[in-house]
Amino acid sequence: MERILSEKSEKPITKVSGMAYLKHMGVTVLDDDNISVNIFRPGASSLRLNLYKDGRLVQQVGIPSLKEVSMDDFFSARLYGEDLIEKLDEYSYDFVADGEHFVNTSAEIITGRETFGKKGKIRARFVNHEFDWDSEKRQIISPEDMVIYETHVRGFTKHKSSKVEHPGTFKGMIEKLPYLKKLGVNTLFLLPIYDFDEFDIRESSEDKKRVNYWGYTGEAFYFAPKASYSSDPLHPGREFKELIKEIHKQGMNVILDMFFMKKAPDYVLDCLRHYVVNYHIDGFRVMSDYFNVKIVRDDPILSHVRFFGYSWEDSVADAKKPMLFEMNDGFKEIARRFVKSDEGQVESFYRAFRAQRTGVVKVNYITAHDGFTMRDLISYDIKHNEANGERNRDGTDYNYSWNCGFEGPTRRKSVLNMRKKQEKNILVMLLLGLPVPMLLMGDEFGNTQKGNNNAYCIDNPTTWLDWSLLEKNKETYDCVRFLLKLRRELPMFHREDNYSGFDHKGLGAPDISNHAKEPWNNSYPYYCRELGILYYGPYLGGKDGKSYYIAFNMHWEAHEFYLPDITKSKKWNVILDTAAHIRKTPGLNENGTAFKMEARSVVLLECPEDKPVPKKARKASDKASPKKRLAKR
């Protein structure tokens, strides 16, 4: 059953005995001295485990089948030996079934892919999951406080401008965690970190040098953190744990993107449990035909983490335990069309901007890895994917972008001023909406992919984050930090219950209400591009009792917005104005009852607490025309 191939060895590295623990599929370390092997290989008549050191075969171990129970193609054994797992730390392995070499799909460390973009002999290594999690201080972030940052581990620090010691790795990301903490994000959404095959590339690409950069491939070793994402490719799991531990020490959470292709339900669930138990992962976005929320809710492990998806049925929602997050892909299109002044978008934008759902947490985003960056969204009218090797035929043609008057980079001051304003408008739409916002890495300082909206196969500075842009676009970075500070501090984002849109407590005005240029008028003709949103102070639960009004003028002409009468003082203060850098008018009029908004701009105002205007008086006043109201005041 065993054969020693190393001439220097006097005894086998490992021995085999009996049947393994059948609840552990694949190769599982049970303790320092025992390893479980359970392999199902349909149609196989024999199975052999090969052990390698420094690429040389040193031992072969025959794994018996379960013939006695009529399972000829299921092979099970227990490997044992004193301090076995310590001895095997430098060894790799694969299996041979009827002459064919393969690695079990649940392998937890993969060799042969230590360098991204270079092929090697695929084998597996043994894993000891012992790790010091002391001082981790893990805490689950509540949905109302969550701010998500979508990022690619390699691309985040691979560029030389990142100035980290280990670029493109888990350790490199650790060096940047203080930056993310300072920015104000608290949940990292990581594109695939498991060991995918970067050479699994679509056949339509004419450039054979292209690689699968994102990681959404047909086959992968899902249990194994990617070795080329580790500064220590022999122990990628250990380094990934160090990253998770540091993320949690910074008070953040981490979500993994898992793209399962044709994997059985049990495999998917086992893999997710593996990351929760061994790596302390806080949640997942799972792409699988076999994912079942009802099963997950009853699972003793998976019921404690979050799951992200694009739609959830009402039957699986649970208001008492909101573990489901809904990626609001529709908001992306609506917000893009609204900010570029398309007709007929006002009502749809208002609904998406304030979207809430009982038992399911909404997530808004305007940019993601599969599309334009935010800077490209305001710099290009059309995609520029020539570098993909597909003659610019790949990627969506429906970007709903606007280049502000010039395609690509320019020095024209008028174009740059418009782009600066539009970028701030987009950031307000994303970061001050009621749903959880998700920011794409680098959007906080104007990262660009030169108009490429489908950079799935690009592994070069085009997709690597250029950190030198942080200093060049500091105004954008400061805007993001300021908006996230507002999100943390303003009471409308921290209500325990959802907004109703009604004055259900009789406090004088609805908890949230939408307006046109004139208050309490929410009729929007198709040509309308103006929207006002009032968060009424008495419903916000804050100590200061302030109300907040956010006005959007997405028209290419300036407009005067008349502010709602909600207090006797009628005093409004400006918190944010995206057109401040080019403002030509005072904004607020002398009486503080109206605001002259620049074209394509957003303003956020606050109104201190005062005795509310009686409802009857307010209704009578608001029925008057703007000119009569102003004359009266």
Side-chain angles (χ1 to χ4, degrees), residues 137-151 176-189 246-255 282-283 306 322 325 328 331 353-356 361-366 374 423-441 443-445 470 474-499 511-512 533-550 573-578 602-609:
K137 299 180 181 178
R138 181 186 183 187
Q139 58 183 356
I140 301 300
I141 297 172
S142 61
E144 60 268 21
D145 297 326
M146 186 179 291
V147 178
I148 304 173
Y149 190 84
E150 187 196 59
T151 185
K176 289 294 186 181
L177 290 180
Y179 161 82
L180 294 173
K181 178 80 172 181
K182 183 179 179 181
L183 178 64
V185 300
N186 54 29
T187 302
L188 301 188
F189 186 100
E246 290 302 317
I247 288 173
H248 288 156
K249 286 175 69 174
Q250 293 285 349
M252 301 179 183
N253 287 175
V254 61
I255 309 298
D282 304 297
R306 276 82 181 269
F325 288 69
N328 191 3
F331 177 76
F353 185 77
R354 59 154 289 186
Q356 292 178 299
V361 181
K362 289 278 191 176
V363 178
N364 278 357
Y365 58 98
I366 297 177
M374 192 173 296
E423 194 166 45
K424 291 179 181 178
N425 292 339
I426 294 172
L427 287 169
V428 171
M429 291 178 179
L430 174 65
L431 301 180
L432 295 189
L434 291 181
V436 172
M438 185 175 79
L439 186 71
L440 174 64
M441 76 171 191
D443 275 352
E444 72 272 19
F445 54 73
L470 178 57
K474 192 172 184 301
E475 186 175 347
T476 304
Y477 169 79
D478 289 341
C479 178
V480 172
R481 285 195 64 198
F482 177 67
L483 291 173
L484 291 180
K485 181 175 182 290
L486 290 179
R487 189 173 185 89
R488 290 192 301 272
E489 295 177 352
L490 297 184
M492 61 268 213
F493 300 110
H494 306 287
R495 284 186 44 156
E496 294 182 358
D497 55 339
N498 290 345
Y499 288 88
D511 50 9
I512 187 173
I533 302 174
L534 172 67
Y535 299 91
Y536 189 47
Y539 277 102
L540 299 183
K543 295 180 180 179
D544 55 13
K546 292 180 180 179
S547 296
Y548 298 89
Y549 191 78
I550 184 167
N573 302 317
V574 179
I575 300 176
L576 169 72
D577 180 3
T578 63
V602 184
V603 175
L604 174 64
L605 307 102
E606 65 178 6
C607 183
E609 183 181 22

Enquirer: Apply side-chain contact (heavy atoms from CB on, under 4.5 Å) to residues Leu430 and Val480 and explain how you reach the verdict.
Expert: CA-CA 10 Å; Leu430 174 65; Val480 172; over 6 Å; no
Enquirer: Find the distance between CG (Leu434) and CZ (Arg354) and round it off to the nearest 0.5 Å.
Expert: 7.5 Å
Enquirer: Check whether any side-chain heavy atom of Leu484 lies under 4.5 Å from a side-chain heavy atom of Leu431, and answer yes or no.
Expert: yes
Enquirer: To the nearest 0.5 Å, tell me how far Cys479 SG sits from Ile426 CD1.
Expert: 11.0 Å
Enquirer: Could you tell me whether the side chain of Val363 reaches within less than 4.5 Å of the side chain of Ile148, counting heavy atoms only?
Expert: yes
Enquirer: Could you measure the distance from the CE atom of Met374 to the CD atom of Glu444? Nearest 0.5 Å is fine.
Expert: 9.5 Å
Enquirer: Applying salt bridge (charged side-chain N to carboxylate O under 4.0 Å, His left out), name anything that partners Glu496, two or more places apart in sequence or on another chain.
Expert: none
Enquirer: Measuring from atom CD1 of Ile141 to atom CG of Asn253, what distance do you get when rounded to the nearest 0.5 angstrom?
Expert: 4.0 Å
Enquirer: Sub-3.5 Å donor-acceptor pair from the side chain of His494 to the main-chain atoms of Arg487, do we have one?
Expert: yes
Enquirer: Kindly indicate, with the supporting measurements, whether the criterion side-chain contact (heavy atoms from CB on, under 4.5 Å) is fulfilled by Arg306 and Met146.
Expert: CA-CA 12 Å; Arg306 276 82 181 269; Met146 186 179 291; 3.0 Å; yes
Enquirer: Test of understanding: with salt bridge (charged side-chain N to carboxylate O under 4.0 Å, His left out), list the residues that count as partners of Arg138, not counting sequence neighbours.
Expert: Asp282
Enquirer: I need the minimum non-hydrogen distance between Ser547 and Gly537, along with the two atoms involved.
Expert: OG-N, 2.7 Å
Enquirer: Under the salt bridge (charged side-chain N to carboxylate O under 4.0 Å, His left out) rule, collect the residues that match up with Lys362, sequence neighbours excluded.
Expert: Glu326
Enquirer: How many angstroms lie between CG in Leu439 and CD in Glu150, if you round to the nearest 0.5 Å?
Expert: 9.5 Å
Enquirer: Hey, does Val603 have a side-chain heavy atom less than 4.5 Å from the side chain of Leu576?
Expert: no
Enquirer: Could you check Glu423 against Thr476 for side chain to side chain donor-acceptor pair (under 3.5 Å), going step by step and ending with a plain yes or no?
Expert: CA-CA 8 Å; Glu423 194 166 45; Thr476 304; 3.0 Å; yes
Enquirer: I'd like to know if the side chain of Gln250 and the backbone of Lys181 have a donor-acceptor N/O pair within less than 3.5 Å.
Expert: no
Enquirer: Between His248 and Met252, what is the shortest heavy-atom contact and its length?
Expert: CD2-O, 3.1 Å
Enquirer: Side chains of Met438 and Asn364: does their closest heavy-atom pair fall under 4.5 Å?
Expert: no
Enquirer: For residues Tyr477 and Leu183, report the shortest heavy-atom separation together with the two atoms involved.
Expert: CE1-CD1, 3.7 Å
Enquirer: Do the side chain of Tyr539 and the main chain of Tyr499 share a donor and acceptor less than 3.5 angstrom apart?
Expert: no
Enquirer: Just checking, any donor-acceptor pair under 3.5 angstrom between side chains of Glu606 and Tyr549?
Expert: no
Enquirer: To the nearest 0.5 Å, what is the distance between CZ (Phe331) and CZ (Phe353)?
Expert: 7.0 Å
Enquirer: Do the rings of Phe493 and Tyr535 sit parallel, tilted or perpendicular, given the 30° and 60° boundaries?
Expert: tilted
Enquirer: Does the side-chain contact (heavy atoms from CB on, under 4.5 Å) test come out yes or no for Leu604 and Leu432, once each step is laid out?
Expert: CA-CA 10 Å; Leu604 174 64; Leu432 295 189; 4.1 Å; yes
Enquirer: Find out whether Val602 and Ile550 are in side-chain contact, i.e. whether some heavy atom of one side chain is under 4.5 Å from a heavy atom of the other.
Expert: yes
Enquirer: Regarding Glu475 and Lys424, does a basic nitrogen lie under 4.0 Å from an acidic carboxylate oxygen?
Expert: yes
Enquirer: Go through Ile247 and Leu177 one step at a time and tell me if the side-chain contact (heavy atoms from CB on, under 4.5 Å) criterion holds.
Expert: CA-CA 7 Å; Ile247 288 173; Leu177 290 180; 3.9 Å; yes
Enquirer: Using a 4.5 Å cut-off on heavy atoms from C-beta on, say whether the side chain of Leu180 contacts that of Tyr149.
Expert: yes
Enquirer: Flag the pair Thr187 / Val147 as yes when at least one side-chain heavy-atom distance between them is below 4.5 Å, and no otherwise.
Expert: no
Enquirer: Check whether any side-chain heavy atom of Leu490 sits under 4.5 Å from a side-chain heavy atom of Tyr548, and report yes or no.
Expert: yes
Enquirer: Under 3.5 Å, side chain of Arg481 to main-chain N/O of Lys182, donor-acceptor pair present?
Expert: yes
